[in-house]
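Reminder, nothing fancy here: chain letters follow the sequence lines and each chain counts from 1.
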There are 2 protein chains.
Amino acid sequence: MLLLVDVEGECVSEKTSKGQKTRERIEGVAWDLFAEKGFEKTTMREIAKEAGVSLGAAYHYFRSKDEMVMALYRRTQMTISADVADVCAEHLRLEDRLCAFLEHGLEVLEPHRELMIRLSSVIINPRSPLSPFGPQTHEIRRSALESVMVVLEGHDQGIHADLRPHLPRLFWLAWMGVLVYWTHDDSEGQRRTRALVNKVVPMAVQVLGLLSLPMVEPLRTGLLEVLRLGQP
Amino acid sequence: MLLLVDVEGECVSEKTSKGQKTRERIEGVAWDLFAEKGFEKTTMREIAKEAGVSLGAAYHYFRSKDEMVMALYRRTQMTISADVADVCAEHLRLEDRLCAFLEHGLEVLEPHRELMIRLSSVIINPRSPLSPFGPQTHEIRRSALESVMVVLEGHDQGIHADLRPHLPRLFWLAWMGVLVYWTHDDSEGQRRTRALVNKVVPMAVQVLGLLSLPMVEPLRTGLLEVLRLGQP
DNA sequence: GTCTATAACACGATAGAC
DNA sequence: GTCTATCGTGTTATAGAC
């Protein structure tokens, strides 16, 4: 059940409960230190020492410092994936489903906001293995897109068939944008982000409905062309 | 016109002409090596050796490898802010003005893409004084918005009066988005970014025109509410 | 097999002598 | 202003302990 899958899919499950416990301790210490003093400034030696293990032990559980952040990615993504059905189950309208999904995502990330802010410097770097657009995060991104697809199915909104296949990517990109805004939002509890999301999402859905009307066909085909250009 | 000029306005003027010459030589060598084999692959040892100085000497002139990037970046900033008005002078239609502005911006930044990628880590950090959204860059941002206003004035497109005051901020934000895409665009010469810009801008202007029609008043007021929420 | 510890490498960065 | 000597970093190799 607690299978941790690494980059190339090989299974690094901790057999003993002791090992599992050690791994989680290292993970927790790493996240705390990253949040406290940033990713670059935190040393592997410091993490190991704080977790009460040797440097070699830390490298036994995590092949690199990046791998520790990957663990955070996976953990949050797994939480979101697990909850996505429940979160959307009670909502029928697309805008409500999207809002619920986004708000739940923010809720999950809330305890790690400081960490995310410190990590944003690393994440934004296209060269970094931790880039959300890079190949190293492909599996996590795929999992995220699958979650989004669950949200985008089973609603009553009429959307043009040509547009539908692009919606998951588009919404995932919007989610990234929300996160950027969220890291910059210093309002209490980041309520401004939530207020904005709750305003923008219904409008976006409304626009999506308008874009599905027959009369705006030229505009729609233009948009489709843009969407095709955006990701090859 | 857009980003950052100087952190705390520190001036590292070289007293002697000899030192100045050495600094420029190191800078030039760094420039060449970065362009040749990328930022990460170039070592300080290599730069020093190529410039005919010791490693320590290189670190005397530049406190870090990043500092070299900063120096190269500052040099290009002057060029960018200069000719905003000229670029748009020959275009009347809004979409043409916007495209010309963006394409010129990308053109100026093109030789320094590596630099920008490096800097994006600093720029994205909300805590950084260099954040384009922070108070420390207020003057620069104001200046950037003024440049954008030049682009947005003197065209023949009919846009609703309520929308107009928000356009500079909105367009500036879009420019930031373009830069993020641009840093992630590994197509040859970043032609994908340009293709996307040239497709999106006319569509955006078209949508802007539609949003100015009397019939979509509810949608427009909703959008205005969002825009007001976005920046307190 | 699973886990841990020690030693060492290559690199970026720094201190302080000259 | 210049440079040497040294340090701290992520990472790897390897040997040993449970």
Side-chain angles (χ1 to χ4, degrees), chain A residues 2-8 10-27 29-31 33-34 36-72 118-119 121-122 125 127-130 136, chain B residues 11-27 29-30 33-34 37-72 114-115 118-119 121-122:
Chain A
L2 280 174
L3 293 190
L4 294 165
V5 178
D6 77 355
V7 192
E8 44 266 1
E10 95 186 71
C11 216
V12 203
S13 64
E14 243 56 60
K15 291 293 191 290
T16 69
S17 63
K18 183 189 171 189
Q20 177 67 21
K21 218 164 149 49
T22 306
R23 164 182 273 267
E24 280 175 3
R25 194 172 66 250
I26 295 172
E27 206 172 281
V29 166
W31 291 352
L33 287 176
F34 289 158
E36 189 183 328
K37 30 191 307 189
F39 180 76
E40 332 258 27
K41 291 295 193 70
T42 304
T43 71
M44 288 293 279
R45 287 166 175 82
E46 201 175 357
I47 293 170
K49 187 180 177 184
E50 193 78 14
V53 297
S54 73
L55 183 62
Y59 270 101
H60 168 75
Y61 290 102
F62 301 92
R63 283 200 293 242
S64 67
K65 213 162 85 164
D66 291 339
E67 198 80 4
M68 294 184 173
V69 178
M70 289 286 195
L72 171 73
R118 304 310 286 257
L119 280 179
S121 298
V122 185
N125 183 3
R127 306 269 206 277
S128 171
L130 297 175
Q136 283 93 336
Chain B
C11 197
V12 200
S13 62
E14 240 57 56
K15 296 290 190 292
T16 71
S17 64
K18 183 189 173 189
Q20 175 67 21
K21 216 163 150 52
T22 306
R23 164 183 274 266
E24 280 175 4
R25 193 172 67 250
I26 296 173
E27 206 172 285
V29 167
L33 287 176
F34 289 158
K37 36 191 305 188
F39 183 81
E40 334 261 358
K41 291 297 191 69
T42 305
T43 69
M44 287 293 277
R45 286 174 170 79
E46 202 173 357
I47 294 171
K49 186 180 176 183
E50 192 79 13
V53 297
S54 73
L55 184 62
Y59 274 105
H60 168 73
Y61 290 104
F62 302 93
R63 286 199 294 253
S64 66
K65 215 161 83 162
D66 290 343
E67 194 82 6
M68 291 184 171
V69 176
M70 284 293 196
L72 296 175
E114 192 66 33
L115 210 62
R118 187 67 183 175
L119 278 176
S121 297
V122 186

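The distance between atom CD of A/E46 and atom P of D/dC7, rounded to the nearest whole Å, is 20 Å. Rounded to an integer number of Å, the gap from A/H60 NE2 to C/dT6 P is 17 Å. Rounded to an integer number of Å, the gap from B/I26 CD1 to D/dG1 P is 12 Å. To the nearest angstrom, C1' of D/dT11 lies 12 Å from CE of A/M68. Rounded to whole angstrom, the span from the CD atom of A/E67 across to the C1' atom of D/dT12 amounts to 16 Å. The nearest whole Å value for the distance from the CZ atom in A/F39 to the C1' atom in D/dT9 is 12 Å. One atom, CG of B/L55, and another, C1' of C/dA10, lie 13 Å apart when rounded to the nearest Å. One can place CZ of A/F62 at 16 Å from P of D/dT12, the figure rounded to the nearest angstrom.
In the set D/dT11, D/dG1, C/dA13, C/dA13 carries the atom at the smallest distance from any side-chain atom of B/M44. Each of D/dT9, C/dC11, C/dC3 was ranked by its minimum atom distance to the side chain of B/T43; first place goes to C/dC11.
A/Y61 does not carry A/R25 over the face of its six-membered ring by the limits of under 6.0 Å from the centre and within 45° of the normal.
Ion pair A/K37/A/E46 flagged as a salt bridge, since at least one NZ, NE, NH1 or NH2 atom sits closer than 4.0 Å to an Asp/Glu carboxylate oxygen. Ion pairing between a basic and an acidic side chain is recognised when a charged N comes within 4.0 Å of a carboxylate O; A/R45 and A/E50 show no such pairing.
Here the side chains of B/M44 and B/F62 are not in contact, with every heavy-atom distance at 4.5 Å or above.
Residues A/S54 and A/R45 each lie close to DNA chain C; by heavy-atom proximity, the contact nearer the 5' end of the strand is made by A/S54. Nearest-nucleotide positions on DNA chain D for A/E40 and A/G56 put A/E40 closer to the 5' end.
Contact between the side-chain N/O atoms of B/Y59 and the OP1/OP2 oxygens of D/dC3 is not found at any separation under 4.0 Å.
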